[in-house]
Amino acid sequence: MILNVSPAQAEVRINGVRVNLNRGIHEGNYPLGSYDMTVSYDNYHTLRRKVEISDPDNPHNIRVALKPMFGWLTISGEGDETIYIDGETSNYRVNTKYTINSGNYQLKINKPYHSPYETTFVMRDSLELKLNPTFTPIYRDLELLVDNNAEIWVNGNKVANGRFKDKFLYDTYQIECRKDRHTQTHMQLEVNANT
C-alpha cells in the first residue's frame, strides 16, 4: 500500500495502529484483506474508511486530502482600526488573511472618529471571506481663529494661540479666548454633521 496524505503532518492509524509518514507518504506491505484506516489532524475533519488490498501484484495507491474545518478571513481597512471578534480584542490586522475556525461570529471594528462597524458573519469550511466595512464619520474638521494671537481654550484646556485646527467629535464644546488686559470671550460650540 502506498498512502499519500495531506496535510503531511496528519496522524494515520491502520487497524488502530499508528503508522509513520515521511513527508506525508507511507509505504508498507500488508497481507491481502480489509483494513480500517483513520486519518486525523487538528482543525481538519477526520476521515475514516475501509481499505481493501486485493491485488498481490500491484500496489494499492491511496490519496487522502483532509478537508479543513476553517476558512480564511480578510478585513479591508486603513490600519487604525481595532477589531473585536465575539466581544474579545483580536490580534487581527486589516488587509491580512487569517485562518479562522468554521462557525458563527460577531464582528465589531472601532475606528477613531467613526461610529463602530458591527456585523455577524458565518465562516464555512475552505471559504475565503473578504469583508469591506464602511464607517460613518462622527466628527468635523474645524478651524478656530481669533484676532491678535489670543489664546484658544477648549473645554478648559489651552490648545493654541490665534489659530487651532483639529477633528472635533460630535459633541458640545466650551470655547474661550483669552488675552492679557482683554475681556475673555466665551461660546458654546455644538458640533454635528451640519456644523
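We're numbering straight along the sequence, starting at 1.
Shown here is Asn29, whose CG atom has no more than 12 heavy atoms of other residues, nucleotides or ligands within 6.0 Å. Within a 6.0 Å radius of CG in Asp141, more than 12 heavy atoms belonging to other residues, nucleotides or ligands are found. By the 6.0 Å contact criterion, CD on Glu143 is enclosed, its count of non-hydrogen atoms from other residues, nucleotides or ligands being greater than 12. The number of heavy-atom neighbours closer than 6.0 Å to CG of Asn95, taken from other residues, nucleotides and ligands shown, is above 12.
The side-chain heavy atoms of Arg93 and Tyr98, taken from C-beta on, include a pair separated by under 4.5 Å. Two residues are said to be in side-chain contact when any heavy atoms from C-beta on lie closer than 4.5 Å; Asn4 and Val64 fail this criterion. Under the 4.5 Å side-chain criterion, counting only non-hydrogen atoms from C-beta, His114 is not in contact with Thr136. Asn101 has its side chain within reach of Asn43: a pair of non-hydrogen atoms, C-beta onward, lies under 4.5 Å apart. Side-chain contact check for Phe135 versus Glu81: some heavy-atom pair is nearer than 4.5 Å. Side chains of Thr38 and Thr46 form a contact here, defined as non-hydrogen atoms less than 4.5 Å apart. At least one side-chain heavy atom of Val94 sits less than 4.5 Å from a side-chain heavy atom of Ile83. The shortest side-chain heavy-atom distance between Leu142 and Val191 falls under the 4.5 Å cut-off.
Residues Ile152 and Gly162 approach most closely at CD1-C, 3.8 Å, considering heavy atoms. The two residues Lys179 and Ala150 come nearest to each other via the heavy atoms CB-CB, 4.1 Å. Nearest heavy atoms, Asn104 versus Asp86: O-OD2, 4.2 Å. Shortest non-hydrogen contact noted between Ala10 and Tyr41 is CA-CD1, 3.8 Å. Among all heavy-atom pairs drawn from Thr195 and Glu190, the shortest one is OG1-O, 2.8 Å. Residues His45 and Leu66 come closest through the heavy atom pair O-CD2, 3.5 Å.
Side-chain heavy atoms closer than 4.5 Å link hydrophobic residues (I, L, V, M, F, W, Y) into clusters, and following such links, possibly through other members, connects Leu129 to Tyr117. When the side chains of ILVMFWY residues are joined at heavy-atom separations under 4.5 Å, either directly or via intervening members, Val12 and Val51 end up in a single hydrophobic cluster. Note on Leu169 and Leu144: same hydrophobic cluster, where clusters join Ile, Leu, Val, Met, Phe, Trp and Tyr whose side-chain heavy atoms are under 4.5 Å apart, directly or indirectly. Ile53 and Val39 fall within a single hydrophobic cluster, where Ile, Leu, Val, Met, Phe, Trp and Tyr side chains are chained together by heavy-atom contacts under 4.5 Å. Residue Ile25 is not grouped with residue Val19 when hydrophobic side chains (ILVMFWY) are merged at heavy-atom distances under 4.5 angstrom, including chains of intermediate members.
In this structure, Arg178 pairs ionically with Glu176, as a charged nitrogen and a carboxylate oxygen lie closer than 4.0 Å. Between Arg13 and Glu11 there is a salt bridge, since at least one side-chain N of the basic residue sits less than 4.0 Å from a carboxylate O of the acidic one. Salt bridge status for Asp36 with Arg48: absent, with no side-chain N to carboxylate O gap under 4.0 Å.
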Any chance you could lay out the side-chain contact (heavy atoms from CB on, under 4.5 Å) test for Leu73 and Met123, step after step, and finish with the verdict? CA-CA 8 Å; Leu73 174 66; Met123 179 54 70; 4.1 Å; yes
Walk me through it: do Leu189 and Gln174 pass the test side-chain contact (heavy atoms from CB on, under 4.5 Å)? CA-CA 6 Å; Leu189 175 63; Gln174 300 302 319; over 6 Å; no
Checking ring pair (Phe, Tyr, Trp, His ring centres under 6.0 Å) for the pair Tyr139/Tyr170: CA distance, chi angles, key distance, verdict? CA-CA 5 Å; Tyr139 74 95; Tyr170 294 169; 7.8 Å; no
side-chain contact (heavy atoms from CB on, under 4.5 Å) evaluation trace for Met37 with Leu3: CA-CA 11 Å; Met37 179 178 68; Leu3 180 61; 3.8 Å; yes
Would you check, one step at a time, whether the test side-chain contact (heavy atoms from CB on, under 4.5 Å) holds for Leu127 with Val122? CA-CA 10 Å; Leu127 177 69; Val122 178; over 6 Å; no
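A distance of 3.5 Å separates CZ of Phe70 from OH of Tyr44, quoted to the nearest 0.5 Å. A distance of 10.0 Å separates CD1 in Ile62 from CD1 in Ile2, rounded to the nearest 0.5 Å. In this structure, NZ on Lys97 lies 14.0 Å from CD1 on Ile75, to the nearest 0.5 angstrom. Atoms CD and CD, on Gln184 and Glu151 in that order, are 9.0 Å from each other to the nearest 0.5 Å. Taken from CG in Asp80 to CG in Asn110, the straight-line distance is 10.5 Å, to the nearest 0.5 Å. Summarising the geometry, atom CG belonging to Asn22 is positioned 9.0 Å from atom CG belonging to Asn20; distances are rounded to the nearest 0.5 Å.
With sequence neighbours excluded, no residue forms a side chain to side chain donor-acceptor pair (under 3.5 Å) with His60. Applying the side chain to side chain donor-acceptor pair (under 3.5 Å) test to Asn15 and every residue at least two apart in sequence or in another chain returns nothing.
The aromatic rings of Phe121 and Tyr105 sit parallel to each other, their planes meeting at less than 30°, with 60° as the upper class boundary. Taking the six-membered ring where tryptophan is involved, the planes of Phe168 and Tyr173 are perpendicular, since the angle between them exceeds 60° and thus also 30°.
With Ser90 contributing its side chain and Tyr92 its backbone, the two residues share a donor-acceptor pair below 3.5 Å.
Inspection of the Gln106 and Glu118 side chains reveals no N or O donor paired with an N or O acceptor under 3.5 Å. For the 3.5 Å distance criterion, the side chains of Ser102 and Asp125 qualify, holding a donor opposite an acceptor.
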